[in-house]
Amino acid sequence: MTFKDLSLSEELLRALGERGYQNPTPIQKQAIPHVLMARDLLGCAQTGTGKTASFVLPMIDILDQGRARMRMPRSLILEPTRELAAQVAENFDLYGKYHKLTKALLIGGVTFGEQDKLLDRGVDVLIATPGRLLDHFERGNVLLNDVKILVIDEADRMLDMGFIPDIERIFKLTPFTRQTLFFSATMAPEIERITNTFLSAPVRVETARQATASERIKQSVVMFTSKRKDREASEKRELLRQVIDSEGKNCTNAIIFCNRKTDVDICSKSLKKHGYHAAPIHGDLDQTKRTETLESFREGGLQILVASDVAARGLDIPSVSHVFNFDVPIQAEDYIHRIGRTGRAGRDGTAIMIC
Ligand code: AMP
(Lines give C-alpha, C1' and ligand atoms only; values in the text may rest on other atoms or scores of the structure.)
Protein backbone atom coordinates (compact mmCIF):
# COMPACT_ATOMS: atom_id res chain seq x y z
CA MET A 1 0.00 0.00 0.00
CA THR A 2 1.21 3.53 -0.81
CA PHE A 3 0.01 6.92 0.43
CA LYS A 4 -1.95 7.24 -2.85
CA ASP A 5 -4.32 4.52 -1.63
CA LEU A 6 -5.28 6.53 1.44
CA SER A 7 -7.39 9.22 -0.29
CA LEU A 8 -5.08 12.04 0.71
CA SER A 9 -4.95 15.25 -1.32
CA GLU A 10 -2.52 15.81 -4.21
CA GLU A 11 -0.82 18.54 -2.18
CA LEU A 12 -0.09 16.15 0.66
CA LEU A 13 1.14 13.46 -1.70
CA ARG A 14 3.50 15.98 -3.22
CA ALA A 15 4.88 17.03 0.18
CA LEU A 16 5.28 13.38 1.19
CA GLY A 17 6.98 12.55 -2.09
CA GLU A 18 9.50 15.34 -1.59
CA ARG A 19 10.24 13.99 1.81
CA GLY A 20 10.82 10.58 0.25
CA TYR A 21 7.93 8.85 2.01
CA GLN A 22 6.03 6.48 -0.29
CA ASN A 23 4.53 3.90 2.01
CA PRO A 24 2.51 4.54 5.12
CA THR A 25 3.66 2.92 8.35
CA PRO A 26 1.24 0.41 10.00
CA ILE A 27 -0.26 3.03 12.34
CA GLN A 28 -0.75 5.43 9.43
CA LYS A 29 -2.41 2.72 7.33
CA GLN A 30 -4.80 1.92 10.13
CA ALA A 31 -5.54 5.39 11.44
CA ILE A 32 -5.72 7.71 8.43
CA PRO A 33 -8.89 6.32 6.76
CA HIS A 34 -10.81 6.50 10.05
CA VAL A 35 -9.64 10.00 10.87
CA LEU A 36 -10.70 11.14 7.40
CA MET A 37 -14.14 9.68 8.10
CA ALA A 38 -14.39 11.83 11.24
CA ARG A 39 -14.29 8.90 13.65
CA ASP A 40 -12.87 9.16 17.16
CA LEU A 41 -9.63 7.26 17.43
CA LEU A 42 -7.87 5.51 20.26
CA GLY A 43 -4.31 4.78 19.19
CA CYS A 44 -2.05 2.60 21.22
CA ALA A 45 1.33 3.50 19.78
CA GLN A 46 4.73 4.72 20.76
CA THR A 47 6.91 7.38 19.18
CA GLY A 48 9.00 6.09 16.34
CA THR A 49 6.06 4.37 14.66
CA GLY A 50 5.07 7.31 12.47
CA LYS A 51 2.29 8.20 14.90
CA THR A 52 2.59 11.97 14.41
CA ALA A 53 1.91 11.84 10.67
CA SER A 54 -1.01 9.48 11.34
CA PHE A 55 -2.94 12.43 12.76
CA VAL A 56 -1.17 15.40 11.13
CA LEU A 57 -1.78 14.20 7.55
CA PRO A 58 -5.57 13.67 7.73
CA MET A 59 -5.96 16.80 9.87
CA ILE A 60 -4.35 18.92 7.16
CA ASP A 61 -6.86 17.70 4.59
CA ILE A 62 -9.83 18.05 6.93
CA LEU A 63 -8.86 21.56 7.99
CA ASP A 64 -8.28 22.61 4.40
CA GLN A 65 -11.99 23.31 4.24
CA GLY A 66 -13.21 26.23 6.31
CA ARG A 67 -11.57 29.20 7.97
CA ALA A 68 -10.48 30.05 11.48
CA ARG A 69 -12.13 32.77 13.50
CA MET A 70 -10.44 35.18 15.90
CA ARG A 71 -9.21 33.50 19.05
CA MET A 72 -11.07 30.34 18.17
CA PRO A 73 -8.72 27.62 16.96
CA ARG A 74 -10.34 24.94 14.81
CA SER A 75 -8.17 22.17 16.13
CA LEU A 76 -6.14 21.61 19.25
CA ILE A 77 -3.22 19.27 19.82
CA LEU A 78 -2.01 18.68 23.36
CA GLU A 79 1.52 17.45 24.00
CA PRO A 80 3.16 16.72 27.36
CA THR A 81 6.39 18.60 26.62
CA ARG A 82 7.61 21.62 24.70
CA GLU A 83 9.90 19.47 22.60
CA LEU A 84 7.11 17.21 21.43
CA ALA A 85 4.86 20.20 20.73
CA ALA A 86 7.60 21.79 18.65
CA GLN A 87 8.12 18.54 16.78
CA VAL A 88 4.42 18.31 15.89
CA ALA A 89 4.51 21.92 14.70
CA GLU A 90 7.42 21.03 12.41
CA ASN A 91 5.39 18.16 11.02
CA PHE A 92 2.60 20.58 10.10
CA ASP A 93 5.09 22.82 8.31
CA LEU A 94 6.62 19.89 6.52
CA TYR A 95 3.51 18.10 5.31
CA GLY A 96 1.33 21.21 5.05
CA LYS A 97 3.70 23.20 2.86
CA TYR A 98 1.21 23.23 -0.05
CA HIS A 99 -1.74 24.14 2.14
CA LYS A 100 -2.50 27.52 3.62
CA LEU A 101 -3.12 26.52 7.21
CA THR A 102 -2.20 28.74 10.12
CA LYS A 103 -0.94 27.49 13.45
CA ALA A 104 0.20 28.70 16.84
CA LEU A 105 2.38 27.05 19.42
CA LEU A 106 1.57 27.64 23.09
CA ILE A 107 4.46 26.31 25.09
CA GLY A 108 6.62 27.59 27.90
CA GLY A 109 9.55 29.70 26.83
CA VAL A 110 7.68 31.48 24.05
CA THR A 111 6.37 34.91 25.02
CA PHE A 112 2.65 35.39 25.48
CA GLY A 113 2.64 38.45 23.21
CA GLU A 114 3.85 36.76 20.07
CA GLN A 115 1.47 33.85 20.35
CA ASP A 116 -1.33 36.25 21.25
CA LYS A 117 -1.00 38.01 17.93
CA LEU A 118 -1.25 34.72 16.08
CA LEU A 119 -4.25 33.62 18.11
CA ASP A 120 -5.91 36.98 17.58
CA ARG A 121 -5.90 36.49 13.84
CA GLY A 122 -7.34 32.99 14.24
CA VAL A 123 -5.51 29.71 13.78
CA ASP A 124 -6.43 26.43 12.18
CA VAL A 125 -4.14 24.44 14.45
CA LEU A 126 -3.18 25.19 18.01
CA ILE A 127 -0.43 23.03 19.48
CA ALA A 128 -0.01 23.37 23.21
CA THR A 129 1.11 21.94 26.49
CA PRO A 130 -1.88 21.69 28.88
CA GLY A 131 -0.68 24.17 31.55
CA ARG A 132 0.23 26.86 29.09
CA LEU A 133 -3.05 26.48 27.23
CA LEU A 134 -5.08 26.90 30.42
CA ASP A 135 -3.02 30.02 31.28
CA HIS A 136 -4.03 31.54 27.97
CA PHE A 137 -7.60 30.43 28.43
CA GLU A 138 -7.82 32.09 31.81
CA ARG A 139 -6.50 35.34 30.38
CA GLY A 140 -9.27 35.22 27.81
CA ASN A 141 -6.82 34.87 24.95
CA VAL A 142 -8.27 31.72 23.55
CA LEU A 143 -11.73 30.17 23.29
CA LEU A 144 -12.16 26.48 22.70
CA ASN A 145 -15.78 26.53 21.48
CA ASP A 146 -14.85 26.04 17.86
CA VAL A 147 -12.44 23.11 18.27
CA LYS A 148 -13.49 20.48 15.76
CA ILE A 149 -10.58 18.13 16.23
CA LEU A 150 -8.88 17.52 19.56
CA VAL A 151 -5.70 15.45 19.73
CA ILE A 152 -4.31 14.16 22.99
CA ASP A 153 -0.85 12.79 22.31
CA GLU A 154 1.36 10.73 24.64
CA ALA A 155 -1.39 10.42 27.23
CA ASP A 156 0.65 8.06 29.39
CA ARG A 157 3.32 10.69 29.76
CA MET A 158 0.66 13.26 30.58
CA LEU A 159 -0.45 10.90 33.34
CA ASP A 160 3.12 10.57 34.67
CA MET A 161 3.46 14.34 34.68
CA GLY A 162 0.20 14.92 36.55
CA PHE A 163 -1.63 16.56 33.64
CA ILE A 164 -4.74 14.42 33.73
CA PRO A 165 -6.91 16.95 35.66
CA ASP A 166 -5.89 19.65 33.13
CA ILE A 167 -6.77 17.31 30.27
CA GLU A 168 -10.17 16.62 31.75
CA ARG A 169 -10.81 20.31 32.10
CA ILE A 170 -9.77 20.95 28.51
CA PHE A 171 -12.02 18.15 27.28
CA LYS A 172 -14.94 19.88 29.00
CA LEU A 173 -14.09 23.24 27.44
CA THR A 174 -14.28 21.87 23.90
CA PRO A 175 -17.58 21.15 22.11
CA PHE A 176 -19.19 17.81 22.67
CA THR A 177 -19.35 17.31 18.91
CA ARG A 178 -15.58 17.47 18.38
CA GLN A 179 -13.61 14.60 16.84
CA THR A 180 -11.11 13.22 19.33
CA LEU A 181 -7.85 11.46 18.51
CA PHE A 182 -6.23 9.99 21.57
CA PHE A 183 -2.78 8.38 21.68
CA SER A 184 -1.05 6.52 24.44
CA ALA A 185 1.71 3.91 24.47
CA THR A 186 0.07 2.10 27.38
CA MET A 187 -3.48 1.95 28.67
CA ALA A 188 -3.31 2.51 32.42
CA PRO A 189 -6.69 2.35 34.25
CA GLU A 190 -6.76 6.14 34.64
CA ILE A 191 -6.27 6.55 30.90
CA GLU A 192 -8.91 3.95 30.15
CA ARG A 193 -11.32 5.91 32.34
CA ILE A 194 -10.68 9.17 30.46
CA THR A 195 -11.17 7.52 27.08
CA ASN A 196 -14.38 5.87 28.25
CA THR A 197 -15.69 9.23 29.42
CA PHE A 198 -14.68 11.51 26.59
CA LEU A 199 -14.38 9.43 23.42
CA SER A 200 -17.36 8.41 21.39
CA ALA A 201 -17.26 4.87 19.97
CA PRO A 202 -13.58 5.20 19.09
CA VAL A 203 -11.85 3.03 16.53
CA ARG A 204 -8.95 1.30 18.23
CA VAL A 205 -5.67 1.03 16.40
CA GLU A 206 -2.57 -0.50 17.81
CA THR A 207 1.03 -0.90 16.77
CA ALA A 208 4.03 -1.68 18.80
CA ARG A 209 7.42 -0.20 18.13
CA GLN A 210 8.88 -2.03 15.18
CA ALA A 211 11.28 -4.18 17.00
CA THR A 212 14.07 -6.43 15.94
CA ALA A 213 16.51 -8.21 18.19
CA SER A 214 20.12 -7.12 18.42
CA GLU A 215 22.52 -9.34 16.50
CA ARG A 216 24.70 -9.55 19.57
CA ILE A 217 22.17 -11.74 21.35
CA LYS A 218 22.73 -15.46 21.04
CA GLN A 219 19.26 -16.97 20.97
CA SER A 220 18.28 -20.55 21.58
CA VAL A 221 15.39 -22.70 22.71
CA VAL A 222 15.24 -25.75 24.92
CA MET A 223 12.37 -28.11 24.21
CA PHE A 224 10.54 -29.45 27.22
CA THR A 225 8.14 -32.37 27.58
CA SER A 226 7.19 -33.48 31.04
CA LYS A 227 7.69 -37.11 32.00
CA ARG A 228 4.80 -37.02 34.43
CA LYS A 229 1.86 -34.67 33.85
CA ASP A 230 1.27 -34.25 37.60
CA ARG A 231 4.83 -33.08 38.06
CA GLU A 232 5.08 -30.91 34.97
CA ALA A 233 5.59 -27.63 36.84
CA SER A 234 8.36 -28.86 39.08
CA GLU A 235 10.07 -30.66 36.18
CA LYS A 236 10.03 -27.42 34.26
CA ARG A 237 11.64 -25.59 37.17
CA GLU A 238 14.28 -28.32 37.39
CA LEU A 239 15.03 -27.83 33.70
CA LEU A 240 15.34 -24.08 34.30
CA ARG A 241 18.00 -24.74 36.95
CA GLN A 242 19.87 -27.02 34.55
CA VAL A 243 19.75 -24.37 31.85
CA ILE A 244 21.07 -21.72 34.24
CA ASP A 245 23.81 -24.03 35.53
CA SER A 246 24.88 -25.00 32.03
CA GLU A 247 25.75 -21.35 31.38
CA GLY A 248 28.18 -21.49 34.28
CA LYS A 249 30.30 -18.41 34.96
CA ASN A 250 29.11 -16.74 31.75
CA CYS A 251 25.88 -16.03 33.52
CA THR A 252 26.77 -13.05 35.68
CA ASN A 253 23.20 -11.84 36.13
CA ALA A 254 19.88 -12.75 34.57
CA ILE A 255 16.24 -11.93 34.18
CA ILE A 256 13.80 -14.81 34.05
CA PHE A 257 10.46 -14.04 32.47
CA CYS A 258 7.24 -15.87 33.33
CA ASN A 259 3.86 -15.17 31.77
CA ARG A 260 1.91 -15.17 35.03
CA LYS A 261 2.50 -13.38 38.31
CA THR A 262 1.88 -16.54 40.31
CA ASP A 263 4.62 -18.29 38.34
CA VAL A 264 6.95 -15.37 38.96
CA ASP A 265 6.46 -15.94 42.70
CA ILE A 266 6.72 -19.72 42.55
CA CYS A 267 9.78 -19.65 40.30
CA SER A 268 11.57 -17.14 42.46
CA LYS A 269 10.81 -19.04 45.69
CA SER A 270 11.93 -22.32 44.19
CA LEU A 271 15.20 -20.86 42.93
CA LYS A 272 15.88 -19.41 46.36
CA LYS A 273 15.19 -22.76 47.95
CA HIS A 274 17.78 -24.31 45.64
CA GLY A 275 20.42 -21.79 46.63
CA TYR A 276 20.15 -19.21 43.86
CA HIS A 277 20.10 -15.55 44.70
CA ALA A 278 16.75 -14.66 43.16
CA ALA A 279 13.86 -12.26 43.84
CA PRO A 280 10.51 -11.60 42.13
CA ILE A 281 9.18 -8.44 40.56
CA HIS A 282 5.60 -8.00 39.33
CA GLY A 283 2.70 -5.59 39.53
CA ASP A 284 1.13 -7.01 42.71
CA LEU A 285 4.17 -6.34 44.85
CA ASP A 286 4.22 -3.01 46.64
CA GLN A 287 6.29 -0.21 45.20
CA THR A 288 8.85 -0.04 48.01
CA LYS A 289 9.60 -3.72 47.63
CA ARG A 290 9.90 -3.40 43.85
CA THR A 291 12.27 -0.45 44.12
CA GLU A 292 14.38 -2.29 46.68
CA THR A 293 14.61 -5.42 44.55
CA LEU A 294 15.51 -3.47 41.47
CA GLU A 295 18.12 -1.43 43.29
CA SER A 296 19.78 -4.56 44.58
CA PHE A 297 19.73 -6.11 41.10
CA ARG A 298 21.21 -2.98 39.62
CA GLU A 299 24.03 -2.91 42.15
CA GLY A 300 24.86 -6.54 41.57
CA GLY A 301 23.74 -7.74 44.99
CA LEU A 302 20.93 -9.75 43.48
CA GLN A 303 21.86 -12.11 40.66
CA ILE A 304 18.51 -13.23 39.30
CA LEU A 305 15.40 -11.17 38.79
CA VAL A 306 12.24 -13.15 38.08
CA ALA A 307 9.82 -10.84 36.30
CA SER A 308 6.50 -10.42 34.54
CA ASP A 309 6.35 -8.46 31.28
CA VAL A 310 4.44 -5.54 32.68
CA ALA A 311 6.69 -5.07 35.70
CA ALA A 312 9.78 -5.14 33.51
CA ARG A 313 8.49 -2.86 30.77
CA GLY A 314 8.49 0.59 32.30
CA LEU A 315 11.53 -0.03 34.45
CA ASP A 316 15.05 0.98 33.77
CA ILE A 317 16.71 -2.38 34.05
CA PRO A 318 20.42 -2.49 33.42
CA SER A 319 22.01 -4.72 30.85
CA VAL A 320 22.23 -8.34 31.88
CA SER A 321 24.24 -11.28 30.60
CA HIS A 322 21.25 -13.62 30.28
CA VAL A 323 17.53 -13.60 29.67
CA PHE A 324 15.69 -16.84 30.34
CA ASN A 325 12.15 -17.29 29.13
CA PHE A 326 10.53 -19.69 31.53
CA ASP A 327 7.42 -19.39 29.36
CA VAL A 328 7.02 -18.62 25.69
CA PRO A 329 5.50 -15.11 25.71
CA ILE A 330 1.93 -14.84 24.46
CA GLN A 331 2.67 -11.85 22.22
CA ALA A 332 5.52 -12.14 19.73
CA GLU A 333 6.45 -8.50 20.43
CA ASP A 334 7.06 -9.35 24.07
CA TYR A 335 9.75 -11.80 23.06
CA ILE A 336 11.71 -8.97 21.47
CA HIS A 337 11.20 -6.71 24.50
CA ARG A 338 12.23 -9.46 26.89
CA ILE A 339 15.43 -10.50 25.17
CA GLY A 340 16.28 -6.85 24.49
CA ARG A 341 17.23 -6.64 28.16
CA THR A 342 20.47 -8.35 27.26
CA GLY A 343 23.06 -7.60 24.58
CA ARG A 344 22.82 -3.87 25.21
CA ALA A 345 25.30 -1.15 24.33
CA GLY A 346 27.52 -3.34 22.18
CA ARG A 347 27.82 -6.14 24.72
CA ASP A 348 27.06 -9.77 24.00
CA GLY A 349 24.02 -11.39 25.47
CA THR A 350 22.38 -14.78 25.68
CA ALA A 351 18.67 -15.51 25.50
CA ILE A 352 17.34 -19.01 26.18
CA MET A 353 13.70 -19.96 26.04
CA ILE A 354 11.98 -23.04 27.35
CA CYS A 355 9.33 -24.22 24.88
P1 AMP B 1 6.90 9.53 15.00
O2 AMP B 1 6.52 8.15 15.47
O3 AMP B 1 5.73 10.32 14.58
O4 AMP B 1 7.76 10.24 16.02
O5 AMP B 1 7.78 9.36 13.66
C6 AMP B 1 9.02 8.74 13.67
C7 AMP B 1 9.85 9.07 12.42
O8 AMP B 1 9.37 8.38 11.29
C9 AMP B 1 9.88 10.54 12.06
O10 AMP B 1 11.21 10.91 11.81
C11 AMP B 1 9.07 10.63 10.79
O12 AMP B 1 9.52 11.66 9.96
C13 AMP B 1 9.28 9.27 10.16
N14 AMP B 1 8.15 8.83 9.33
C15 AMP B 1 6.85 9.06 9.54
N16 AMP B 1 6.09 8.49 8.58
C17 AMP B 1 6.92 7.84 7.76
C18 AMP B 1 6.74 7.03 6.57
N19 AMP B 1 5.53 6.77 6.10
N20 AMP B 1 7.83 6.53 6.00
C21 AMP B 1 9.06 6.76 6.50
N22 AMP B 1 9.29 7.50 7.58
C23 AMP B 1 8.25 8.04 8.23
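For ligands, and for the atoms within them, numbers begin at 1 and follow the listed sequence. In what follows, every heavy atom counts, from backbone to side chain, and hydrogens, waters and symmetry copies are set aside.
- At a heavy-atom cutoff of 4.0 Å, ligand 1 is contacted by no atom of Gln22, backbone or side chain.
- Comment: Arg204 engages Glu192 in a salt bridge, judged by a side-chain N to carboxylate O separation of less than 4.0 angstrom.
- Among Glu90, Gln28, Lys51, the residue whose heavy atom sits closest to atom 16 (N) of ligand 1 is Gln28.
- Taking the six-membered ring for Trp and thresholds of 30 and 60 degrees, Phe198 and Phe171 have nearly parallel ring planes, at less than 30 degrees apart.
- Between the side chains of Tyr98 and Glu18, at least one donor N or O lies within less than 3.5 Å of an accepting N or O.
- Contact annotation for Asn23 and ligand 1: only backbone heavy atoms (N, CA, C, O) come within less than 4.0 Å of the ligand.
- Counting only N and O atoms by type, the side chains of Asp61 and Ser9 include a donor and acceptor under 3.5 Å apart.
- Arg178 and Asp146 are not joined by a salt bridge, as no carboxylate oxygen comes within less than 4.0 angstrom of a charged side-chain nitrogen.
- Residue contact check: Phe3 has heavy atoms under 4.0 Å from atoms 19 (N) of ligand 1.
- At under 3.5 Å, a nitrogen or oxygen of Gly50, whether backbone or side chain, sits near a nitrogen or oxygen of ligand 1.
- Atoms of ligand 1 found under 4.0 Å from any heavy atom of Thr25 (numbered from 1 in listed order, with element): 17 (C), 18 (C), 19 (N).
- With ligand atoms numbered from 1 in the order given, ligand 1 contributes 1 (P), 3 (O), 4 (O) to contacts under 4.0 Å with heavy atoms of Thr52.
- Open room surrounds NZ on Lys269; 12 or fewer heavy atoms of other groups in view lie less than 6.0 Å from it.
- Any N or O atom pair closer than 3.5 Å counts here, and Gln87 shares no such pair with ligand 1.
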